[in-house]
Q: 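This is the structure I want to talk about, given as structure tokens.
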Amino acid sequence: MLIGQDFDKIEFEFLGLDLLEPNSFIGDFLIFIVAMVFAYKTFRFGKQNVFFVNWTYFFLIFGVGFLLGGLSHLLYNYWGIPGKTPSWYLSILAVFFLEKAMISLHQNKGRKRLFLTLSKVKLGLALVAALAVSIFVDLEADYSKGMQVPTINSTIGLAATLGFLAYTYSKKIKGFKYFLISVPILIPAAFFQAMKINFHPWFDKNDATHTLIFISTLFYFAGIKSYAKYVSKTKISENA
């Protein structure tokens, strides 16, 4: 176990390419596959339902972001820092659609408009801040600094929507407890990254974070599936 510093990156050759961090690529690729499956299933729950449509966009962008993130680890010798930035921007955009999905269920039209406006402002500020970091911060020295803005953006967005709003909705829709559970699952990830807690060269801080993200994603879909059942039952009772 190593704390405060990282293990040397795992290197290997394949098809004449000098590749790095196969463990990180595997973790990112698994999240990509799961996200694509959940995007498909969520879209089928309700193609005209704003909640399901925005969650679908979330899973699609979220998944593509992790695929690019995995490739940026694998191909770092070729892509360098520029190869990592697309996944940072996509993570910010993905959280925006998650926020839109959760806000769409709010019953108060005035607060819904306010929350959507705040979400859009936060999106703009986060993208500008991420761009500023890319331009003015020496990411070659420590590229983990580039993840700070996306991490802060995600923390605020998830706490507000999967925390506060999900708690509010859970009083009526019991299945929203899954969204609530997903929030504390991700908390240790911040410590793994900030303190550089690495358990093993083949299971470092990124792998630990990927594991927690994978688990939280399962809870996201559990909450979505539960709401789909709620919508179905509501329609049945209305037509009875």
Side-chain angles (χ1 to χ4, degrees), residues 31 34-36 38-39 41-43 45-66 69 86-131 147-173 175-187 189-190 209 212-228 230-231:
I31 293 174
V34 170
M36 292 302 103
F38 287 169
K41 289 180 175 291
T42 301
F43 183 68
F45 283 147
K47 300 177 183 179
Q48 305 302 321
N49 187 302
V50 177
F51 178 81
F52 296 127
V53 169
N54 279 297
W55 268 110
T56 300
Y57 283 133
F58 164 78
F59 283 127
L60 289 173
I61 298 170
F62 176 77
V64 172
F66 270 92
S87 62
W88 298 341
Y89 293 115
L90 287 176
S91 72
I92 293 172
L93 185 60
V95 170
F96 171 68
F97 282 103
L98 182 156
E99 293 167 1
K100 284 186 66 178
M102 298 301 290
I103 293 171
S104 71
L105 299 182
H106 206 289
Q107 297 299 306
N108 187 301
K109 293 183 179 180
R111 291 185 179 181
K112 181 188 291 189
R113 286 195 296 270
L114 173 62
F115 292 154
L116 282 173
T117 299
L118 291 174
S119 180
K120 292 176 182 178
V121 170
K122 184 172 72 66
L123 170 65
L125 291 175
L127 291 175
V128 170
L131 179 61
M147 298 175 61
Q148 291 179 354
V149 172
T151 299
I152 294 172
N153 177 73
S154 296
T155 300
I156 295 172
L158 299 185
T161 54
L162 300 185
F164 175 72
L165 289 183
Y167 172 74
T168 302
Y169 301 153
S170 67
K171 296 176 182 179
K172 183 178 181 180
I173 308 169
F176 273 56
K177 64 183 179 182
Y178 294 115
F179 291 125
L180 285 169
I181 295 172
S182 72
V183 176
I185 287 175
L186 291 173
I187 292 176
T209 299
L212 296 177
I213 291 174
F214 182 88
I215 295 172
S216 67
T217 304
L218 298 181
F219 277 94
Y220 295 166
F221 185 70
I224 295 167
K225 187 176 181 179
S226 178
Y227 181 67
Y230 171 82
V231 170

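Computed from a predicted model, the values in this text were never measured in an experiment. Note: hydrogens, waters and symmetry copies are ignored here, and every other heavy atom, side chains too, is used.
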Q: Evaluate the side-chain contact (heavy atoms from CB on, under 4.5 Å) criterion for residues Leu93 and Tyr57: first the C-alpha distance (whole Å), next the side-chain angles of each, then the deciding distance (0.1 Å), finally the verdict.
A: CA-CA 10 Å; Leu93 185 60; Tyr57 283 133; over 6 Å; no
Q: In chain order, what residues pass the side-chain contact (heavy atoms from CB on, under 4.5 Å) check against Ser104, with sequence neighbours excluded?
A: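 side-chain contact (heavy atoms from CB on, under 4.5 Å) list for Ser104, sorted by chain: Val50, Phe51.
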Q: Please name the pair of heavy atoms, one in Leu158 and one in Val183, separated by the smallest distance, quoted to 0.1 Å.
A: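 Leu158 and Val183 have their closest heavy atoms at O-CG2, 4.0 Å.
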Q: Is it the case that the side chain of Ser182 and the backbone of Phe219 share a donor-acceptor pair, with hydrogens and angles ignored and the cut-off at 3.5 Å?
A: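 Flag not set: sc Ser182 to bb Phe219 has no pair under 3.5 Å.
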Q: Which atoms form the tightest heavy-atom contact between Ile213 and Thr217, and what is the distance?
A: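 For Ile213 versus Thr217, the nearest heavy atoms are O-OG1, 2.7 Å.
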Q: Might you point out which heavy atoms bring Leu186 and Ser216 nearest each other, and give the distance in Å?
A: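 Smallest interatomic distance, heavy atoms only, reads CD2-OG, 3.6 Å.
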Q: Would you please name every residue forming a salt bridge (charged side-chain N to carboxylate O under 4.0 Å, His left out) with Lys100, sequence neighbours left out?
A: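 In terms of salt bridge (charged side-chain N to carboxylate O under 4.0 Å, His left out), with neighbours along the sequence ignored, Lys100 is linked to no residue.
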Q: Is there a side-chain contact (heavy atoms from CB on, under 4.5 Å) between Leu60 and Phe97? Walk through the geometry before answering.
A: CA-CA 10 Å; Leu60 289 173; Phe97 282 103; over 6 Å; no
Q: Tyr89: what forms a ring pair (Phe, Tyr, Trp, His ring centres under 6.0 Å) with it, not counting sequence neighbours?
A: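 Applying ring pair (Phe, Tyr, Trp, His ring centres under 6.0 Å) to Tyr89 gives none.
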Q: Please list, chain by chain and in numerical order, all residues satisfying side chain to side chain donor-acceptor pair (under 3.5 Å) with Thr209, sequence neighbours excluded.
A: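 In terms of side chain to side chain donor-acceptor pair (under 3.5 Å), with neighbours along the sequence ignored, Thr209 is linked to Gln193.
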Q: Which atom pair, heavy atoms only, marks the closest approach of Val149 to Ala130?
A: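 For Val149 and Ala130, the tightest heavy-atom pair comes out as CG1-N, 3.9 Å.
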Q: Look only at the side chain of Ser226 and the backbone of Gly223, and say whether a donor-acceptor pair between them is shorter than 3.5 Å.
A: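 No.
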Q: Does Ser91 reach the main-chain N or O of Trp88 with its side chain, forming a donor-acceptor pair under 3.5 Å?
A: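 Looks like yes, one N/O pair under 3.5 Å.
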Q: Determine the minimum heavy-atom distance between Ala39 and Thr56, stating which atoms define it.
A: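 Heavy-atom minimum between the residues: O-CG2, 3.6 Å.
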Q: Applying side-chain contact (heavy atoms from CB on, under 4.5 Å) to Phe45 and Lys225, what does each step give before you reach the verdict?
A: CA-CA 8 Å; Phe45 283 147; Lys225 187 176 181 179; 4.1 Å; yes
Q: Would Leu162 and Leu98 count as a side-chain contact (heavy atoms from CB on, under 4.5 Å) here? Give the steps.
A: CA-CA 9 Å; Leu162 300 185; Leu98 182 156; 3.9 Å; yes
Q: Just how far is it from atom CG of Leu218 to atom CD1 of Ile181, taken to the nearest 0.5 Å?
A: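 Separation between the atoms: 12.0 Å.
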Q: Among residues at least two apart in sequence or on other chains, which ones pass side-chain contact (heavy atoms from CB on, under 4.5 Å) with Arg111?
A: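 Only His106, Asn108, Phe115 meet the side-chain contact (heavy atoms from CB on, under 4.5 Å) criterion with Arg111.
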Q: Would you give the length of the straight line joining atom CG of Leu165 to atom CZ of Phe176, rounded to the nearest 0.5 angstrom?
A: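 That separation rounds to 9.5 Å.
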Q: Under the ring pair (Phe, Tyr, Trp, His ring centres under 6.0 Å) rule, collect the residues that match up with Phe59, sequence neighbours excluded.
A: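 Phe59 satisfies ring pair (Phe, Tyr, Trp, His ring centres under 6.0 Å) with Phe38, Trp55 once adjacent residues are dropped.
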Q: Nearest 0.5 angstrom please: Ile92 CD1 to Ile61 CD1, how far?
A: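 The CD1 atom of Ile92 sits 12.0 Å away from the CD1 atom of Ile61.
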Q: State, to 0.1 Å, how close Leu212 and Ala189 come at their nearest heavy-atom pair, and which atoms those are.
A: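 Here Leu212 and Ala189 meet closest at CD1-N, 3.5 Å.
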Q: Which value, rounded to the nearest 0.5 Å, describes the distance between Ile173 atom CD1 and Phe179 atom CZ?
A: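 These two atoms lie 9.0 Å from each other.
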Q: Determine whether more than 12 heavy atoms belonging to other residues, nucleotides or ligands lie under 6.0 Å from atom NZ of Lys122.
A: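 Yes, because the 6.0 Å sphere around NZ of Lys122 holds more than 12 heavy atoms from other groups.
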Q: To the nearest 0.5 Å, what is the distance between CD1 on Ile187 and OG1 on Thr155?
A: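 Rounded to the nearest 0.5 Å, the CD1-OG1 separation comes out at 9.0 Å.
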Q: Please work out whether the ring planes of Tyr220 and Phe58 are parallel, tilted or perpendicular, with thresholds of 30° and 60°.
A: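 Plane angle over 60°, so perpendicular.
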Q: Does any N or O in the side chain of Gln48 come within less than 3.5 Å of the main-chain N or O of Gly46, such that one atom is a donor and the other an acceptor?
A: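 No.
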Q: Would you compute the distance between atom CD1 of Ile215 and atom CD1 of Ile185 and round it to the nearest 0.5 angstrom?
A: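 Result: 6.0 Å between the selected atoms.
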Q: Tell me whether the count of non-hydrogen atoms from other residues, nucleotides or ligands lying under 6.0 Å of NZ in Lys120 goes above 12.
A: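 Open: at most 12 neighbouring heavy atoms sit under 6.0 Å from NZ of Lys120.
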Q: Tell me if a side-chain donor or acceptor on Tyr169 pairs with a main-chain N or O of Met102 at a distance below 3.5 Å.
A: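 Pair found, side chain donor or acceptor close to backbone of Met102.
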Q: Does CZ belonging to Phe52 count more than 12 external heavy atoms closer than 6.0 Å?
A: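 Yes - once you tally the heavy atoms of other residues, nucleotides and ligands closer than 6.0 Å, there are more than 12.
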